[in-house]
Protein chains: 2
Amino acid sequence: MDKSICPRFEKAMTILSQRWTGLIIYQLLSGPQRFCTIESGIGISGRVLSERLKDLENEGIVNRIVYPETPVRIEYSLSEKGKALEPIMKEIENWSQSWLER
Amino acid sequence: MDKSICPRFEKAMTILSQRWTGLIIYQLLSGPQRFCTIESGIGISGRVLSERLKDLENEGIVNRIVYPETPVRIEYSLSEKGKALEPIMKEIENWSQSWLER
DNA sequence: TTACTTGGTTACTTTATGTAAGTAATTATA
DNA sequence: TATAATTACTTACATAAAGTAACCAAGTAA
């Protein structure tokens, strides 16, 4: 009866429309970053950031690398799959510049 | 210290990362639709759809037109500002086709 | 009069998110 | 030696958002 939405598109939307996910990806587009940098960069709580990074890692969008320095350094970065989200971010940027007031 | 995120981009993200918002806009890209069509089309609850449509109307993204027929018909459609979101949806579609499994 | 339809709203439950404190590991400082 | 500092979390609890189901008003139609 109703033409249904493509499940892959729906899944992409489910990922991207989680609160903070977009901003985390946007933040990581400027390069690998550690937990506390992302946290203070976008104003997310540690509890939720931890949860989101795990989700994004499970989706294969984010990589997590541990450097056993002192104190330990853990770097989060975008995988190829994650970097491929850049055009979406660029379009959101374009739209916001054209249609939102300062 | 940390280069902060552009407030317009952040606002766009706040709008788009609300649950259901993306799917509602995607649904309306195929043309004006009434409440119950959107509702069954994306599987959102009436309570939240009502809330979202009000938000999107306030943002100037969605237009609401009442046709006093019987029973009343109310059509929701995308404004110019709303239609301008299409490139974002296309990019999400592209990404989902390239990177998500069926 | 009762029933049907649309586009909602209301009350209540469940889930998600925010807040603040706590933890483990490792080193630096008093 | 005890205390403190740092990072990357986790835990417990409070609040906000979303899901569910019942209800409502307006306007017919049977």
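Letters go in sequence order (proteins before strands), and every chain restarts at 1. Since the model is a prediction, treat every value here as computed from it, not as a measurement.
- Considering only side-chain N and O atoms, A/Lys54 lies nowhere under 4.0 angstrom from the phosphate OP1 or OP2 of D/dA8.
- D/dT28 atom C1' lies 17 Å from atom CZ of B/Arg73, rounded to whole Å.
- Under the 3.5 Å distance criterion, the side-chain polar atoms of A/Arg52 are matched with a main-chain donor or acceptor of A/Arg19.
- Ranking C/dG7, C/dT9, C/dT27 by closeness to the B/Arg34 side chain, first place goes to C/dG7.
- Between B/Glu93 and B/Tyr26, the side chains place a donor N or O and an acceptor N or O closer than 3.5 Å (distance only, hydrogens not considered).
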Stepwise side-chain contact (heavy atoms from CB on, under 4.5 Å) check, B/Arg102 with A/Arg8: CA-CA 6 Å; B/Arg102 319 181 183 235; A/Arg8 284 195 277 183; 4.0 Å; yes

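- Residue B/Glu57 contributes atom CD, which lies 14 Å from atom P of C/dG7 at whole-angstrom precision.
- Contact annotation: B/Ser50 side-chain N/O to C/dG7 OP1/OP2 distance is not under 4.0 Å.
- Residue A/Glu51 is in sugar-phosphate contact alone, with no base atom involved, counting any heavy-atom pair closer than 4.0 Å across all strands shown.
- The side chain of B/Trp20 contributes an N or O atom lying less than 4.0 Å from OP1 or OP2 of D/dG19.
- When the P atom of D/dA26 is taken as reference, atom CD1 of B/Ile74 falls 14 Å away, rounded to whole Å.
- A straight line from CG of B/Asp55 to C1' of D/dA16 spans 14 Å, rounded to a whole angstrom.
- Under the 4.0 Å criterion applied to side-chain N and carboxylate O atoms, B/Glu39 and B/Arg34 are not assigned as salt-bridge partners.
- Residue-level contact check: B/Arg19 touches the backbone only, with heavy atoms under 4.0 Å from sugar-phosphate atoms and none from bases.
- Following rounding to the nearest Å, A/Ile65 (CD1) and D/dT7 (P) show an atom-to-atom distance of 19 Å.
- A/Tyr76 has its OH atom 7 Å from the P atom of D/dA8, to the nearest Å.
- The nearest heavy atom of DNA chain C to A/Thr70 and to A/Gly46 marks one nucleotide each, and the one closer to the 5' end goes with A/Gly46.
- Of the candidates C/dG8, D/dA8, D/dA18, the closest approach to any side-chain atom of B/Arg64 belongs to C/dG8.
- Between the CG atom of A/Leu49 and the C1' atom of D/dA8 there is a distance of 10 Å, rounded to whole Å.
- Among the atoms of the strands shown, base atoms are found under 4.0 Å from some heavy atom of B/Ser45.
- Side-chain contact check for B/Glu75 and B/Gln33: no donor-acceptor pair (N or O, by modelled atom type) lies under 3.5 Å.
- For A/Arg47, the side-chain atoms get nearest to C/dT17 when compared with the rest of C/dG7, C/dT17, D/dG19.
- With C/dG8, C/dG18, D/dC9 as the candidates, the nucleotide lying closest to the side chain of A/Val48 is C/dG18.
- If you measure from atom CG of A/Leu53 to atom P of D/dC9, you get 8 Å, rounded to the nearest angstrom.
- Here D/dT6 is the nucleotide among D/dT6, D/dA8, C/dG18 with the atom lying nearest to any side-chain atom of A/Pro71.
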